[in-house]
Number of protein chains: 2
Amino acid sequence: MSRTPAAEPDSHEDALTPLTLKRVGIDTYRENVAYMHRECDRYRAEGFQALAKVEIRADGRRILATLNVVDDATIVGCGELGLSEDAFALLGAGEGIPVSIRQAEPPPSIPAMHRKLAGERLTRDDFRHIIRDIAERRYSKIELTAFVVACDLGELDREEVFYLSDAMSRVGRRLDWHEHPVVDKHCIGGIPGNRTSMLVVPIVAAHGLLCPKTSSRAITSPSGTADTMEVLARVDLPFETLSGLVRTHRGCLAWGGTSELSPADDVLISVERPLSVDSPGQMVASILSKKIAAGSTHLLLDIPIGPHAKVNSMAEARRLRKLFEFVAGRLGLTLDVVITDGSQPVGRGIGPVLEARDVMRVLTNHPEAPMDLRQKALRLAGRMLEFDPDVRGGDGFGLARDILDAGRALDKMQAIIEAQGRRPFDPDRPPLAPQVLEVTAHCAGTVIAIDNLQLARIARLAGAPRAIGAGIDLAVRIGEAVEAGQPLYRVYAAYANELTFARQACERDHGIAIGHPDRITRLNVEG
Amino acid sequence: MSRTPAAEPDSHEDALTPLTLKRVGIDTYRENVAYMHRECDRYRAEGFQALAKVEIRADGRRILATLNVVDDATIVGCGELGLSEDAFALLGAGEGIPVSIRQAEPPPSIPAMHRKLAGERLTRDDFRHIIRDIAERRYSKIELTAFVVACDLGELDREEVFYLSDAMSRVGRRLDWHEHPVVDKHCIGGIPGNRTSMLVVPIVAAHGLLCPKTSSRAITSPSGTADTMEVLARVDLPFETLSGLVRTHRGCLAWGGTSELSPADDVLISVERPLSVDSPGQMVASILSKKIAAGSTHLLLDIPIGPHAKVNSMAEARRLRKLFEFVAGRLGLTLDVVITDGSQPVGRGIGPVLEARDVMRVLTNHPEAPMDLRQKALRLAGRMLEFDPDVRGGDGFGLARDILDAGRALDKMQAIIEAQGRRPFDPDRPPLAPQVLEVTAHCAGTVIAIDNLQLARIARLAGAPRAIGAGIDLAVRIGEAVEAGQPLYRVYAAYANELTFARQACERDHGIAIGHPDRITRLNVEG
């Protein structure tokens, strides 16, 4: 079709100076940044723009990065290509070696993302392609946000939620423990102090079930299970150490970290969190994909309901339960769901040290152990024990109680703490933060409601979880009668100014409603 | 309500070393980046995280930035706070002066953005608050994308489009020319070679109407009006120069730039472009807010329709027209809409130099002037002339033709070129790029369709608009009979490898369909 007056494609690129790799001492966290000098002839020939997405290759490896153009030769010179600290580590090549740069190709799944943006239903292959590109960090923040918002506003149907979960569980590492059952528990969250995992894991592991539990750190709450466990032991263990430890002790309580399991989930969360987007489909896919990748065969899911919990009504909890059951079924995961009372915090303490104290009191059968935490943990552990084919239906609770009361759960916990790396902690003298504020009742009456969100906010203002000894120690529960001036809770903070922030929040709303006992809303949750 | 065992809020912050401001020679384009050393005690005390949004204050001024943590003291030392080049310029303070940094407050309009994300209809005040925060760059890329996608998927109703347009026109600078009418034209785009503004402005200005036209550079097309005009004259003029020039010559053809007019539009576009999101509501708000801010009272809007144009059917064009008319009416802007034939490029050239040649040929009444470009420009100019109360309805076209044929439009263009800063250009010897490829017909037949998008893609692969002499010179139009082997167009490129990219694209699809004349789709557009 064509005559060509021009010469052969001589590729003027070949005439360019080769670049050498340099590590630039700038921490740009999860965003890879490449630095190139403005006078670099490659920069001028290719017409790269600042903030362009570029592909960097060296030593047979390849990463994507955002380009920053540099005018200061002490940062990078003309023949150099700089990478920020994380990007340099990710590329894994040495300084001074030859490196090439080119405009990054757009990720191949972008047309599918656009179809979701146009409100279409996507296929199983569409989700696989999108999730693979997301896990490889080929999506820009803009593209990632567009996908998350389109899935949220467009509402995935349940088949799509399965496709998404399945695709997420298939990228990254996938564990196989070579035994059956492999049990896990998960709570959808939102209830302060709810540290049942630290009781359930030792009970279940003491019975002999394999329970490789990993937990998260707090993102918007005053403490995550990993933060509380870190008061007692190391939680940031290398993957191989962890799996050896699980085989020996049948359980662990470690931080899931920037896990190699379901890496797409971490990338999606980096957008979902700041937007507080938490649609049912995304919640189900996030939770179940991690469990499948971790090799779990059986999962106990805790859905707390309450006026200030993530789920506010039984109808909503049931809808969510059906979606979890449908997707788990398609994924071949045995799922048991318990709907629990989320109308107030569980236990007395809110914040790493205060929660660790509560957990250790339950394990040691201490007289001041919070009974609600003990009861909830036994109930969940009992249901998990029934995943064991040799345990009769209905026997789980009694079995769990026996394990706890006999001190077998404590022994197991001590073994896990020792294996992960013990930190010094005395539950009778917990290292609480020095600044203290006592919040008291304005008037006499009955505690009719406790606002989980407001208490979490106050505990965070006081410095939890960054300051591990900061937080709230609750003195009352719903239904208790109080006198005017009687203490409701104490706030602990590391610094005076943080205590001031917490006090100002308490003065606006201390989160505890006092009134006539008839005004208490009783939730009709399962046993 | 509270007893306070703790001391006064002593604010441990005050004990921190003050920081001094440093300009860091890194160009991060529109994203403000602040650099702080990891060992800086302020960094440690506040627990700042890399990528956190921070507020920087110095000398009574304030900007928001994203934080990068530095480990190399040659970039910034412990007592310094660095800013990227644009951020430093935006703050407008000198090096070495004291500077403070703190966590940025979340933008106050975020709850309204979340209501849009939940599918709610927003109020006029909601849009004002959101747009103000966006213009002040308080939104992160994630929040911005969420807002754009929510408006796109949720579809704004026409009142909301008015609120959005009005809010956008109210932030930033707003011009008042102190006369009436102030006329402008705008084309919604998508048609290669469509450089009517460069003819319409001189005609209308020669008649005496005030027409302060600013144009954009190409973003996804092979040339924008500003790129083509730049072949003939400077287009990046300081704002004050430009307004003096408009008063003297009644018109200009300059680059709108990173305009102070409707600055929120530029920020929104930074997300809309990479996503190719271009919903009717966003298009209307973007166009009309800029025109209102620029002080226009009358606007002629060109909506081209065609199979490869932005708008594909008359029904769609009419819906868009109604929306433009409703919003313009509420904004107090007189609007006239013309729906034009967008089934093929306008003129022969595609790319800056080639288009400039076409424009100058029309202005000089050259024998090879493209008639379609001339006719379309006369039609649009005629409609604009009728905005003059002294011009009778129907007389505009004849008046425009007289102005063009008498050489008055050419004289006006030369005056504008001279005033903006002439560049050497000879329309008979246009500086075309040296590498040439001639694309010929495979077989005999009639040209039945021309794919605007594919021709634009080929012209961009050939290097347009970066290489100003690159692009496509079309030899045929729809309806013309061709022989096998007859030239369809020539591709010009600056480099052999770019010509290769263009040739590969031509080999896949050269964009010109040849067949039986009965297969031509005739569009029924207004005269």
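Labels below follow one simple rule: chain letters A, B, ... track the order of the sequence lines, proteins then strands, and each chain is numbered from 1.
Using a 4.5 Å cut-off between heavy atoms, A:Val491 makes no contact with chain B at all. For chain A, the nearby part of B:Leu153 is the side chain; its heavy atoms alone come within less than 4.5 Å. There is no contact between A:Ser84 and chain B, counting heavy-atom distances below 4.5 Å. Both the backbone and the side chain of A:Leu275 come within contact range of chain B, each with at least one heavy atom under 4.5 Å from a heavy atom of that chain. Neither the backbone nor the side chain of B:Val148 has a heavy atom closer than 4.5 Å to any heavy atom of chain A. Heavy atoms closer than 4.5 Å to chain B are found nowhere in A:Val33, neither backbone nor side chain. Interface residue B:Ser270: only backbone heavy atoms are found under 4.5 Å from chain A. Contacts between B:Ile75 and chain A at a heavy-atom distance below 4.5 Å involve the side chain alone, from C-beta outward.
Salt-bridge formation is detected for the pair B:Arg38/A:Glu85: a Lys NZ or Arg NE/NH1/NH2 atom is positioned less than 4.0 Å from an Asp or Glu carboxylate oxygen.
Between chain A and the residues B:Val70, B:Ile142, B:Asp72, the most heavy-atom pairs under 4.5 angstrom are made by B:Ile142. With chain B as partner, the option from A:Ile26, A:Asp152, A:Val24, A:Thr74 having the largest number of non-hydrogen pairs under 4.5 angstrom is A:Ile26.
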Passes salt bridge (Lys or Arg N to Asp or Glu O under 4.0 Å), B:Arg23 versus B:Glu95? Steps please. CA-CA 7 Å; B:Arg23 178 180 183 276; B:Glu95 273 200 304; over 6 Å; no
Quick one: do B:Gln282 and B:Glu272 satisfy side chain to side chain contact (heavy atoms under 4.5 Å, CB included)? Show the steps, please. CA-CA 9 Å; B:Gln282 284 158 335; B:Glu272 291 163 0; 3.8 Å; yes
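For the pair B:Asp227 (side chain) and B:Arg217 (backbone), a donor-acceptor distance under 3.5 Å is absent. Side-chain atoms of B:Glu507 never come within 3.5 Å of backbone atoms of B:Gln504 as a donor-acceptor pair (strictly under, hydrogens ignored). Distance alone, capped at 3.5 Å, is enough to place a donor-acceptor pair between the A:Lys116 side chain and the A:Glu120 backbone.
The minimum heavy-atom distance between A:Arg460 and A:Ala218, with the atom names listed, is NH1-CB, 4.5 Å.
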